[in-house]
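Below is one structure, written out as structure tokens, with a few remarks after it.
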Amino acid sequence: QVQLVESGGGLVQAGGSLRLSCAASGSIFRFGPMDWYRQAPGKQRELVATISSGGWPNYADSVKGRFTISRDNAAKTVYLQMNSLKPEDTAVYYCKTSAGAYDYWGQGTQVTVSS
């Protein structure tokens with residue numbers, strides 16, 4: 001099994017910052033491209049950010065300029081630095097990776113941004 005363990009969520013005021021972490025463990029043989037998704041109540045899951053194995057990031061338009069995805073390959077950890085948070089960012093955030101024919105998801109971490 002491959003496990004992705006997320007941490008760093010919480011409650012912040014609009015304009016604040018949070019840093020999410022997702023650490024991979026278990027029988028992982030590759031630490032390749034990683035994704036961050038989020039899902040707000042009553043809304044579809046959306047892709048927030050991706051990062052290639054070489055560290056190249058891409059972002060959804062809604063978070064571009066505010067969020068930064070990064071990775072530490074030695075620690076097998078991917079991060080999502082979230083700045084200038086808005087109430088619209090409130091969601092459960094999930095990290096995801098694909099290994100072989102399988103997708104692996106973190107358990108999710110709640111981010112709540114108050115007005």
Side-chain angles (χ1 to χ4, degrees):
Q1 294 183 341
V2 175
Q3 296 182 13
L4 302 177
V5 179
E6 302 180 26
S7 61
L11 173 64
V12 298
Q13 291 187 332
S17 298
L18 285 173
R19 189 193 192 204
L20 306 184
S21 299
C22 176
S25 63
S27 58
I28 184 169
F29 302 111
R30 301 185 65 185
F31 189 58
M34 299 288 295
D35 304 332
W36 282 99
Y37 287 79
R38 68 185 181 188
Q39 188 164 24
K43 297 183 179 179
Q44 294 182 346
R45 184 191 305 160
E46 64 173 334
L47 179 64
V48 176
T50 67
I51 187 166
S52 72
S53 59
W56 289 97
N58 283 288
Y59 303 96
D61 288 341
S62 59
V63 307
K64 196 171 298 181
R66 300 187 297 118
F67 290 11
T68 302
I69 188 171
S70 61
R71 63 192 294 151
D72 182 339
N73 290 335
K76 291 184 170 58
T77 302
V78 63
Y79 304 95
L80 187 67
Q81 178 67 47
M82 306 184 296
N83 298 326
S84 302
L85 283 163
K86 305 175 180 179
E88 307 93 89
D89 297 318
T90 295
V92 178
Y93 284 72
Y94 302 90
C95 63
K96 192 208 80 174
T97 191
S98 297
Y102 301 95
D103 291 337
Y104 297 93
W105 293 83
Q107 80 283 0
T109 185
Q110 177 70 48
V111 172
T112 303
V113 184
S114 63
S115 300

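Numbers here are sequence positions counted from 1.
- For L4 against K96, the heavy-atom pair with the smallest separation is CD1-CA, 4.0 Å.
- Note on Y104 and L80: same hydrophobic cluster, where clusters join Ile, Leu, Val, Met, Phe, Trp and Tyr whose side-chain heavy atoms are under 4.5 Å apart, directly or indirectly.
- Cluster membership for V113 and V48, using ILVMFWY side-chain heavy atoms within less than 4.5 angstrom, is shared.
- Of all the heavy atoms in I51 and R71, the pair that sits closest is O-NH1, 3.6 Å.
- Proximity of V63 to E46: side-chain heavy atoms (C-beta onward) are nowhere separated by under 4.5 Å.
- Y102 and V78 fall within a single hydrophobic cluster, where Ile, Leu, Val, Met, Phe, Trp and Tyr are joined by side-chain heavy atoms under 4.5 Å apart, directly or via other members.
- Under a 3.5 Å cut-off, the side chain of Y59 and the backbone N or O of I69 do form a donor-acceptor pair.
- Taking every heavy atom of both residues into account, S98 and D103 meet most closely at OG-OD1, 2.6 Å.
- Judged by distance alone, with hydrogens and angles left aside, the side-chain atoms of T97 form no donor-acceptor pair with the main-chain N or O of M34 at under 3.5 Å.
- Among all heavy-atom pairs drawn from L85 and V12, the shortest one is CD1-CG2, 3.5 Å.
- Ring geometry, Y94 versus W105: the interplanar angle exceeds 60°, so the pair is classed perpendicular (tilted spans 30 to 60°).
- W36 has its side chain within reach of C22: a pair of non-hydrogen atoms, C-beta onward, lies under 4.5 Å apart.
- Shown here for N73 and S53, the closest heavy-atom pair between the two residues is ND2-O, 3.8 Å.
- Between K86 and D89, no side-chain nitrogen of the basic residue sits less than 4.0 Å from a carboxylate oxygen of the acidic one, so the salt-bridge criterion is not met.
- Side-chain atoms of N83 and S17 include a donor-acceptor pair closer than 3.5 Å.
- The CG atom of N58 lies 4.5 Å from the OG1 atom of T50; values are rounded to the nearest 0.5 Å.
- The side-chain contact (heavy atoms from CB on, under 4.5 Å) test with Q13 is passed by exactly one of S114, P87, S115: S114.
- A side-chain hydrogen bond (donor to acceptor under 3.5 Å, both in side chains) with Y93 holds for exactly one of R38, Q110, Q39; it is R38.
- Remark: the backbone N or O of L20 is not paired with any side-chain donor or acceptor of E6 at under 3.5 angstrom.
- Of all heavy-atom pairs spanning V92 and G108, the tightest one is CG1-CA, 3.8 Å.
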